[in-house]
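A short write-up of the structure that comes next.
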Amino acid sequence: MTASEMFEELGYKRNVEDNKITYLQKFGYETFEIMFDLSEKEINIDTDMEVKVEEDILQAIDKQAEELGWLDEKTCENLSEYNLCDRFECSNCGIVLAEYQEIKVDEDDDTGDECIYEYTPKYCPNCGRKIVD
């Protein structure tokens, strides 16, 4: 679902002009406006009501920012000379971890015994950045 569809489902009307995307909802005489300033890469919320941003609105705002390319995921790299499942040295926070293992029950074995598998992390467990090759 696109951001526009999410906002529409929540009762907002979309307007695009002057390098701005605006979503507006009226509650009687009161309004709630969310404006994405494309030139400044800013999100402004204007309302004459008590401000309370609920999860569904926050998800729509996040989706719109993602579609605009404003949310660059922060990344790090493995500085170790070894395979990522054997040793990880984070290029961002410097943490060093070794021998990632995943323990799970073997689905092909009826005994219920646990097996150990190599595990390759996708995110640094210390700083939370996505690990890229």
Side-chain angles (χ1 to χ4, degrees):
M1 180 180 286
T2 67
S4 182
E5 293 168 338
M6 292 171 80
F7 277 110
E8 184 179 324
E9 191 174 275
L10 294 170
Y12 286 81
K13 295 193 185 223
R14 179 183 167 124
N15 184 36
V16 180
E17 63 181 46
D18 297 331
N19 218 17
K20 294 177 182 156
I21 300 172
T22 304
Y23 294 97
L24 178 69
Q25 186 173 33
K26 293 186 178 185
F27 300 92
Y29 294 107
E30 298 175 324
T31 60
F32 193 89
E33 179 182 66
I34 303 166
M35 192 228 352
F36 295 81
D37 187 329
L38 304 178
S39 59
E40 298 294 323
K41 289 189 175 182
E42 293 178 345
I43 302 168
N44 297 303
I45 297 177
D46 185 28
T47 183
D48 45 7
M49 305 175 355
E50 181 180 323
V51 176
K52 181 179 178 183
V53 179
E54 296 177 355
E55 183 180 354
D56 51 359
I57 296 171
L58 187 58
Q59 288 174 345
I61 291 170
D62 185 61
K63 182 67 174 174
Q64 182 66 73
E66 177 188 317
E67 288 175 8
L68 293 171
W70 293 1
L71 301 179
D72 295 329
E73 186 169 35
K74 295 185 179 187
T75 61
C76 63
E77 296 177 11
N78 183 15
L79 298 179
S80 168
E81 62 187 44
Y82 299 101
N83 187 314
L84 182 56
C85 64
D86 296 325
R87 184 177 173 97
F88 171 63
E89 294 180 39
C90 181
S91 62
N92 178 60
C93 67
I95 193 168
V96 178
L97 301 169
E99 297 183 23
Y100 274 100
Q101 297 179 340
E102 179 179 12
I103 301 170
K104 60 183 177 180
V105 175
D106 188 354
E107 295 173 3
D108 296 331
D109 186 1
D110 292 337
T111 64
D113 291 339
E114 292 181 339
C115 297
I116 297 175
Y117 298 91
E118 286 186 341
Y119 178 75
T120 303
K122 294 177 180 52
Y123 292 87
C124 175
N126 191 51
C127 66
R129 291 180 180 230
K130 184 176 184 177
I131 302 170
V132 295
D133 293 331

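The residues of the chain are indexed from 1 along the displayed sequence. Atoms considered below: every heavy atom in the structure, side chains included; atoms not considered: hydrogens, waters and symmetry mates.
- Between Leu84 and Tyr100, the closest heavy-atom pair is O-CD1, 3.9 Å.
- The number of heavy atoms from other shown groups lying within 6.0 Å of CD (Gln25) is above 12.
- Proximity of a side-chain donor or acceptor of Asn83 to a complementary backbone N or O of Cys85 within less than 3.5 Å is detected.
- Taking each heavy atom of Phe7 and Gln64 in turn, the nearest pair found is CE1-CB, 4.4 Å.
- Note: Trp70 and Phe36 have tilted aromatic rings, judged against thresholds of 30 and 60 degrees for the angle between ring planes.
- With a 4.5 Å cut-off on side-chain heavy atoms, Tyr23 and Ser4 count as touching.
- Within 6.0 Å of CD in Glu30 there are more than 12 heavy atoms belonging to other residues, nucleotides or ligands.
- Scored by the salt bridge (charged side-chain N to carboxylate O under 4.0 Å, His left out) test, Glu66 finds Lys63 as partners (sequence neighbours excluded).
- Under the salt bridge (Lys or Arg N to Asp or Glu O under 4.0 Å) criterion, the residue pairs touching residues 86-95 are Arg87-Glu89, with sequence neighbours excluded.
- Within a 6.0 Å sphere centred on CD of Glu73, other residues, nucleotides and ligands contribute more than 12 heavy atoms.
- Atom CZ of Phe88 sits about 11.5 Å away from atom OG1 of Thr120, to the nearest 0.5 Å.
- The environment of CD in Glu118 is sparse: at most 12 heavy-atom neighbours from other residues, nucleotides or ligands sit within 6.0 Å.
- Within the structure, the salt bridge (Lys or Arg N to Asp or Glu O under 4.0 Å) test picks out no pair touching residues 33-42 (sequence neighbours left out).
- Counting heavy atoms from C-beta on, the side chains of Asn126 and Cys90 never come closer than 4.5 Å.
- Looking only at distances, a side-chain donor or acceptor of Glu67 sits under 3.5 Å from a matching main-chain atom of Ala3.
- Leu10 is listed as a side-chain neighbour of Ile57, based on a closest heavy-atom distance under 4.5 Å.
- In this structure, the side chain of Thr47 engages the main chain of Thr31 through a donor-acceptor pair within 3.5 Å.
- Heavy atoms of other residues, nucleotides or ligands lying less than 6.0 angstrom from CZ of Phe27 number more than 12.
- The shortest heavy-atom contact between Ile43 and Ala65 is CD1-CB, 4.5 Å.
- Nearest heavy-atom pair across Pro121 and Ile131 is O-CD1, 3.9 Å.
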